[in-house]
Structures are given as C-alpha cells and as structure tokens.
Amino acid sequence: GPTVQVADMGIAELYRTQPNLRAVVSFLAQNAAQVPIKIYERASDNDRIRITDSPAALLLARPNRDTTAYEYRQRVYSDLLLSDRHLSLVMRDADSESGWQLRPIPSSWLRGYEGANPWAPEAIYVANPYAGKTVAVPADAFVLWHGYCPDDMALHCSPVEALADVLHEQVESNSFRRQMWRNGGRFNAYIRRPAEVEEWSDEQFERFRQTWDESWGGRGATQGGKMPILEDGMEIRNVPFSAHDAEWAEAKQLGREDVAGVYHVNPALIWPGSGQTYASAKDNARALYNDCLAPTLMQATDRINMVILPRVGEEKSHYAAYDITIKTEGTYEEKIKTLSSAVGAPFLSRNEARASLDL
C-alpha cells in the first residue's frame, strides 16, 4: 500500500506524537490483547473440549522465548489498527515446548512483495536493520494479516490515510500553539506610545525592548504576573484574541471524534464526558467487545485457523477461538445472582464459597 505521510511524518511518528491517534489505537489494541485465543477440540456440534498441550495451544501461550502472549497479541492488533497489516514469521524452534515460534515483524522492515499471485504474496522482502541485509521470506515461513483494499486483493489500506487531513490540522495547530507560548508576551496585548512625546533614539528603544523581553516577554520572563511601570503616556491595549475565538477547543473535539469514528469506537469510552453515568459506561464497555473489537478479534483468529494451525501440525478437529466472555460476562455478583435465579436455589457449598474467597 502507499506510504502514509502527514506533515513529513510516517505512521510510526504519528503514533508517537499525536495524542488522539495514540489514545484510540493503544486503547483498542490493549483491550483486544486482554482477550485470550484458545484452542478447542470439537467433540460434537454441541460440545467442545479445551486443549492446552497441543503445538498450537503451546505456541499461542508462548509465541517465542522473548514475548508473552499478551505482548504478541498487542503488536498484532496495533499493527492492524495502524497499518491494516501485520506480518509474523512462523519458524521451527527446537528449544520451545511447542517446537515452533512466532516472530512479529515491524512494518518498517517490510520492503515489498514478490510473485505473480494477485491474491497473496509468494514471498516478502524483509530488511532487518540489526542484520544489515534484506532477505526474501517464502510464503511457507510467514503468516500475513491485512485488511480491505479497494483496488488490490493482496495489499492493505491504512486507516491513517483517511485521517491525513485531520492529523495534519492537529500537527499544525499544536505547532502554532507552541509558537504562541514561546514567542508571545505574557500579556495578550501591545504597548502604545503617544506620537507627540519626545522621540526615542535607537539606543533608548533597544534598551526598552530588551528590558521588556527579559521581564515580561517570552519563556525567560522574570516579572510574569506583575504590573509593568510605563512612562511617557504609554498605554497597554488588549488584543481581542482568545482560544475561543480561534475555536481550538472545538477543533480538538472534532479531531477526537474523527479519529474515533474511523476506528468505530465510541469517543465516550476514551474521553468520558460529564454526562456519562455508571450504567452507560458499563454498557459502552460491553459494546466495545461485542461491536467494536469483535471484527478485529475474528480477523486474527480466522487467519490463525487458516495458516498457523495447519502449519504446526495441529489436529484437524482442533480450532482457535477468542474467549470474549472474560470481558462481557459481568461482575461476580451479577453472575451469582443470574445463576441462582436460573437454578432456583443456592448452588454453592460452604467449601466452594470459601474457596472462591481464597480461604
């Protein structure tokens, strides 16, 4: 896909420096990474058995010797949200319990695709800056996630492209505000000196300007907050300019909503408003997993089932599935109340109740 550039910054620099983009992407990736991906055996249409000791189960629990399962999932989802693409190497590892390892590759290392297949690359060029060389990785050594691209089946289309104008406006707006704070006087005003008084010499003007800058102007001002003593009938006149007039607050709010809109997340989840109640916050949190994150979680698990499980020799009756219930099943009190109502009576023994409290 095309390289995304906004104000001479690529996707990585935008993620590092732009708070709205960072807030949305990190919020979604971190919450998605909390959802475990488990391996099951389909015993029948109505029954499944959790598998914890198969190659795929062990691999997903420990992708490699340096990365935890949460860290690996967070990188996969972060790449998909930012670049709409993620590449991981799938390699044998005799020292791991699963016999395999998954190694995520940063998008900045990718140099292009190879092959005549219009639906998937037959090889990918990867430049490892630590090794100082570019290698072609064949298709049987990697797993590639990518989203929808209107004019190509094998490429991706970063959501950041749709935010280029919004992010560019935020970059320029932040730069202008920094200039205002750095260069502007501590009074939002100017000084008027009557024309009929004795004209200053260049030395007198320079001395006044230097004194004013040192005392009330710029970052090094020493008399900020104090009233200046003027002479020769000079007056301080206010400049009718404010953040409200420049609509900075409104532009900032619209920027947040645009970023959240592109990522299909309710802005109130990340920037709670004053009108949000506990009930609405709880409903929004559940909607986050059921509506917002479910497509990304399904995209990840479908590719795992299609590529990783067969490659590591997993049984054909086994499949991967994300367990979203840990984030949507409600509090312990809500579960107890619901189950008690369904059973029609208490359902825990005294020992089971004590065990639930670690007694």
Side-chain angles (χ1 to χ4, degrees), residues 1-7 9-35 70 73-86 107 145-150 156-177 243-244 246-300 322 324 326-328:
T3 302
V4 179
Q5 288 288 125
V6 175
M9 291 189 290
I11 288 180
E13 187 66 17
L14 289 169
Y15 179 76
R16 291 190 187 101
T17 61
Q18 298 308 300
N20 292 341
L21 182 66
R22 174 69 175 262
V24 172
V25 170
S26 62
F27 175 80
L28 294 176
Q30 290 169 2
N31 278 277
Q34 295 180 56
V35 178
Y70 171 86
R73 293 195 297 266
Q74 183 185 12
R75 175 165 282 277
V76 172
Y77 299 135
S78 296
D79 284 350
L80 287 174
L81 291 166
L82 273 176
S83 303
D84 200 35
R85 174 178 66 178
H86 174 80
S107 294
W145 285 270
H146 68 82
Y148 169 75
C149 180
H156 61 292
C157 184
S158 171
V160 179
E161 292 183 54
L163 293 170
D165 289 341
V166 173
L167 294 175
H168 187 86
E169 182 182 8
Q170 292 174 1
V171 170
E172 296 300 328
S173 176
N174 290 337
S175 176
F176 176 64
R177 284 199 294 273
H244 180 270
E247 297 184 345
W248 282 344
E250 289 82 353
K252 188 173 184 179
Q253 179 68 23
L254 287 175
R256 287 177 171 180
E257 292 177 355
D258 285 339
V259 176
V262 166
Y263 284 103
H264 314 296
V265 61
N266 187 343
L269 279 168
I270 304 173
W271 301 284
S274 58
Q276 184 166 237
T277 64
Y278 172 76
S280 64
K282 186 169 63 173
D283 290 339
N284 286 341
R286 291 185 178 179
L288 169 68
Y289 288 92
N290 289 324
D291 301 325
C292 179
L293 293 180
T296 302
L297 294 170
M298 181 172 290
Q299 179 184 10
Y322 60 88
I324 205 171
I326 66 169
K327 304 298 294 186
T328 59

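Basis for what follows: all heavy atoms, side chains included, without hydrogens, waters or symmetry-related copies.
Remark: Val166 engages Gln170, Asp258 in a side chain to side chain contact (heavy atoms under 4.5 Å, CB included) (not counting sequence neighbours). By the side chain to side chain contact (heavy atoms under 4.5 Å, CB included) test, Asp84 pairs with His156, Cys157, Pro159, sequence neighbours left out.
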Exercise for review: Give the intermediate values and the outcome of side-chain contact (heavy atoms from CB on, under 4.5 Å) for residues Tyr77 and His86.
Suggested key: CA-CA 8 Å; Tyr77 299 135; His86 174 80; over 6 Å; no

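In this structure, the separation between SG on Cys292 and OH on Tyr263 is 11.0 Å, given to the nearest 0.5 Å. Between the CD atom in Gln74 and the CG atom in Asp79 there is a gap of 10.5 Å [rounded to 0.5 Å]. Atom-to-atom distance recorded for Leu14:CG and Arg22:CZ is 12.5 Å, nearest 0.5 angstrom. Summarising the geometry, atom CG belonging to Leu288 is positioned 13.5 Å from atom NE2 belonging to His264; distances are rounded to the nearest 0.5 Å.
A pairwise comparison of heavy atoms in Ser78 and Val25 identifies O-CG1, 4.4 Å as the closest pair. Taking both residues in full, the closest heavy atoms of Tyr289 and Gln34 are given as OH-NE2, 4.2 Å, listed atom of the first, atom of the second, then distance. Nearest heavy atoms, Ser26 versus Tyr15: CB-OH, 3.7 Å. Counting all heavy atoms, side chain and backbone alike, Val35 lies closest to Arg73 at O-NE, 3.3 Å. Across Val259 and Leu163, no two heavy atoms sit closer than the pair CA-CD2, 3.8 Å.
When side chains are defined from C-beta on, Leu21 counts as touching Leu82, because their heavy atoms get closer than 4.5 Å. Looking at Thr296 and Leu28, their side chains never come closer than 4.5 Å, going by heavy atoms from C-beta outward. Within the 4.5 Å cutoff, the side chain of Trp271 has heavy atoms near those of the Asn20 side chain. With a 4.5 Å cut-off on side-chain heavy atoms, Ser107 and Ile11 do not count as touching. Using a 4.5 Å cut-off on side-chain heavy atoms (C-beta onward), Tyr70 and Gln30 make contact.
When atom types are taken as modelled, the side chain of Ser158 and the backbone of Val160 share a donor-acceptor pair closer than 3.5 angstrom.
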